[in-house]
Amino acid sequence: MAKDGVKKGFFFYFGLFLLIILGVVSILFIVMMFMPKTNILGLQYFTNHSAIRVDTTTDETKTQINFDAPNFSSVVINSNFASVYVQKNNEFERNGIYFVNNSKGFVSSKKANNFEYRAVIEDGVLKISVTEEQAFLYFSKDVRIVFQISNETINPLSNKHLSINTSSGNVYIGGTYVAGHSHSLLLGGVEIETSKGSINFSTLAPNNYPYFYLKTRSGDINIGLPSLRADEGFVIETTNGDISATKLESPNSILIASNRGKISISDINANVNFKVVDAYIQVANVIGNVDFAYSVGKFNAAVVKINRVDGDFNATDAKSTYFELGSVQGKAVIETGSGNIVIKKTIFSNWQLKPESGKIQAEINTDATNVNISTQKGRLEVTLPNNFSAITIENQSGVTNLNIPNKGKYKITFKYYESGDDFKLEDFKFDNVNLNLDVEKTNPMRLEQGGSNQSTLTLKCNKQINFNWKQSA
């Protein structure tokens with residue numbers, strides 16, 4: 001009993017001691033918050049509310065900074081967590097570079113008052129950088145580098161090249177349209193890289209860039225412009241973030257890379273190359289080719305949904321990727337492991353679909369030719385048109401359901417996978433099929449209907465094949 005009393009007494013006084021310590025620390029924090037910059041126990045509370053405009057360089061030359069001046073052709077901006085805004089609106093009354101600091105928190109006294117900014121022109125490059133407070137506890141990390149351009153400015157950046165590098169700061173490029181004024185920033189090439197920040201392009205007038213490079217590790221990339229052209233091509237890359245882009249155009253190509261993010265692109269006039277692992281991809285209205293060649297060896301567990309591609313579509317070594325295709329006007333090649341392939345509209349000529357064990361659900365377009373559908377042990381659901389040419393369907397050990405039109409001329413050549421020449425009609429299931437069967441005792445077996453100029457279909461399957469009529473138009 002005595003021991004229990006000692007234990008209870010110890011915990012009571014220990015808890016009381018912790019409460020006293022917590023109360024003292026809380027009082028000290030409150031005092032520091034009401035008396036910013038006061039040094040207490042080696043700590044300070046800081047709070048900032050400033051917007052510093054810079055119109056000359058910060059070095060001893062004090063060179064005037066005019067955005068349309070010829071003394072620099074590129075702008076390079078570096079920051080840690082400060083966000084970067086290049087904007088054309090009327091947030092500030094005057095054009096210029098603004099360092100906005102609304103951060104607050106607790107910092108070591110040794111690292112207090114270390115907010116610094118720098119603007120210099122070296123070798124034709126305007127270099128902007130900022131050093132933020134190195135606090136151990138932030139209540140706000142609102143620090144911005146702002147390139148402010150008023151809506152009334154006619155030729156704001158004179159096609160200067162822009163390079164931005166941040167650690168966790170976001171990047172915003174854009175403006176607010178005011179009737180009667182151009183809202184184009186007139187940037188030259190764009191190169192933006194950040195580790196954790198997001199990259200956003202808001203409303204801008206149509207603009208042409210020589211090159212366009214965006215990269216972030218875990219942030220999102222959003223390009224929401226009326227139209228955007230880059231003659232040397234686009235590179236849009238994130239490791240785990242999402243990508244959204246619309247109305248991009250290039251005579252070169254667009255590289256879009258993401259490991260695990262969601263990718264959504266639409267209204268693209270260029271060849272598009274994807275480098276993905278298990279991303280979720282939605283593509284709508286691409287005039288050009290779509291290729292996943294950069295993903296070979298890494299392409300796994302992704303979801304790919306395609307609305308319309310006026311060009312070729314190529315995706316090989318896709319492992320367990322799920323494909324859902326609408327309209328592809330050119331040649332289409334899809335090779336996947338256990339992933340399924342669903343064709344929402346119809347297969348055109350020169351298609352090759354090859355899952356190892358996944359399911360294919362497809363309808364072949366009228367007059368299609370050179371179509372090859374094959375699987376080792378997948379399930380095939382294939383609907384044939386009235387007229388077609390040179391179609392091959394191959395299924396080594398899975399189930400094949402074949403929907404045949406009840407009108408038209410066609411010739412089916414059936415190649416049996418298993419060895420032996422002895423065919424029996426009851427080995428196969430022909431639902432509602434009224435064909436003139438010329439059943440041979442040899443391999444291949446031919447099923448024929450119609451006369452000359454027949455459509456030709458080659459089947460290389462097993463006994464798990466079902467023939468079903470479909471109503472022809």
Side-chain angles (χ1 to χ4, degrees), residues 274 276-283 290 292 295-296 298-309 312-328 331-366 368 370-385 388 390-405 412 414-418 427-433 457-471:
F274 282 99
V276 297
V277 178
D278 59 358
Y280 183 96
I281 302 166
Q282 290 181 305
V283 178
V290 175
F292 285 82
S295 306
V296 170
K298 302 178 180 179
F299 201 2
N300 184 36
V303 175
V304 180
K305 295 186 177 183
I306 307 294
N307 179 36
R308 180 183 177 89
V309 175
D312 297 339
F313 182 88
N314 180 62
T316 58
D317 193 22
K319 298 183 181 179
S320 59
T321 298
Y322 169 83
F323 288 92
E324 183 177 295
L325 271 67
S327 172
V328 176
K331 179 180 179 181
V333 177
I334 301 176
E335 296 179 7
T336 181
S338 58
N340 297 333
I341 302 173
V342 177
I343 310 301
K344 285 294 188 179
K345 295 188 179 179
T346 55
I347 291 177
F348 290 84
S349 298
N350 302 313
W351 279 50
Q352 298 180 41
L353 307 180
K354 190 178 180 181
E356 288 185 14
S357 59
K359 177 182 177 181
I360 292 181
Q361 181 179 330
E363 180 175 348
I364 299 175
N365 188 63
T366 300
N370 296 325
V371 175
N372 188 305
I373 301 174
S374 64
T375 181
Q376 291 184 14
K377 51 185 177 181
R379 182 180 182 89
L380 304 182
E381 298 276 353
V382 181
T383 299
L384 299 175
F388 53 85
I391 293 178
T392 300
I393 297 176
E394 184 174 351
N395 193 342
Q396 186 168 338
S397 60
V399 176
T400 302
N401 291 321
L402 191 62
N403 300 314
I404 304 174
I412 301 174
F414 180 44
K415 296 181 179 180
Y416 192 35
Y417 249 110
E418 297 181 11
D427 287 342
F428 307 97
K429 183 180 179 182
F430 302 99
D431 287 348
N432 301 319
V433 176
L457 169 68
T458 299
L459 291 171
K460 189 176 181 181
C461 300
N462 57 85
K463 294 180 181 180
Q464 301 179 84
I465 182 167
N466 305 316
F467 291 91
N468 306 287
W469 283 119
K470 82 175 183 73
Q471 294 295 321

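The first residue in the sequence is number 1, and the count goes up from there.
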Problem - Contact check, side chains of Q282 and N307, non-hydrogen atoms, under 4.5 Å - result: no
Problem - Partner of N403 by side chain to side chain contact (heavy atoms under 4.5 Å, CB included), out of T383, I364, L384, V382 - result: T383
Problem - Straight-line distance of K377 NZ to Q396 CD, nearest 0.5 Å - result: 10.0 Å
Fill in the blank from the handout: Between I343 and G326, the two heavy atoms sitting closest are CG2-O, 4.5 Å
Exercise for the section: Spell out, as yes or no, whether a donor-acceptor pair under 3.5 Å connects the side chain of N395 to the backbone of G378. Expected result: yes
Practice task
Starting at CD1 of I360, measure out to CD1 of I341 and round the result to the nearest 0.5 Å.
Solution key: 4.5 Å
Problem - Test side chain to side chain contact (heavy atoms under 4.5 Å, CB included) applied to I281 and V303, V304, V290, the passing residue - result: V304
Fill in the blank from the handout: Note: G339 and P355 closest approach over all heavy atoms is O-CB, 3.9 Å
Problem - Any residue meeting ring-ring contact (aromatic ring centres under 6.0 Å, His included) with F323, in chain and number order, not counting sequence neighbours - result: none
Handout entry: F292 vs T321 side-chain heavy atoms within contact, under 4.5 Å
Key = no
Practice task
For T336 and K319, indicate whether the former's side chain and the latter's backbone hold a donor-acceptor pair under 3.5 Å.
Solution key: yes
Exercise for the section: Rounded to the nearest 0.5 Å, what's the gap from NZ on K305 to CG on L325? Could you check? Expected result: 12.0 Å
Practice task
Please confirm whether the backbone N or O of Q376 pairs with a side-chain atom of S357, one donor and one acceptor, at under 3.5 Å?
Solution key: no
Handout entry: G358 backbone acceptor or donor facing S338 side chain under 3.5 Å
Key = no
Problem - Atom pair CD1/CD1 of I393 and I373 - distance to nearest 0.5 Å - result: 5.0 Å
Handout entry: Main-chain N/O of K331 paired with D312 side-chain donor or acceptor, under 3.5 Å
Key = yes
Handout entry: Derivation and outcome, side chain to side chain contact (heavy atoms under 4.5 Å, CB included), residues K354 and V333
Key = CA-CA 8 Å; K354 190 178 180 181; V333 177; over 6 Å; no
Exercise for the section: Check whether the side chains of Q352 and N372 place a donor and an acceptor atom closer than 3.5 Å, and report yes or no. Expected result: no
Problem - Atom pair CD (E324) and CD1 (I306), whose distance is rounded to the nearest 0.5 Å - result: 10.0 Å
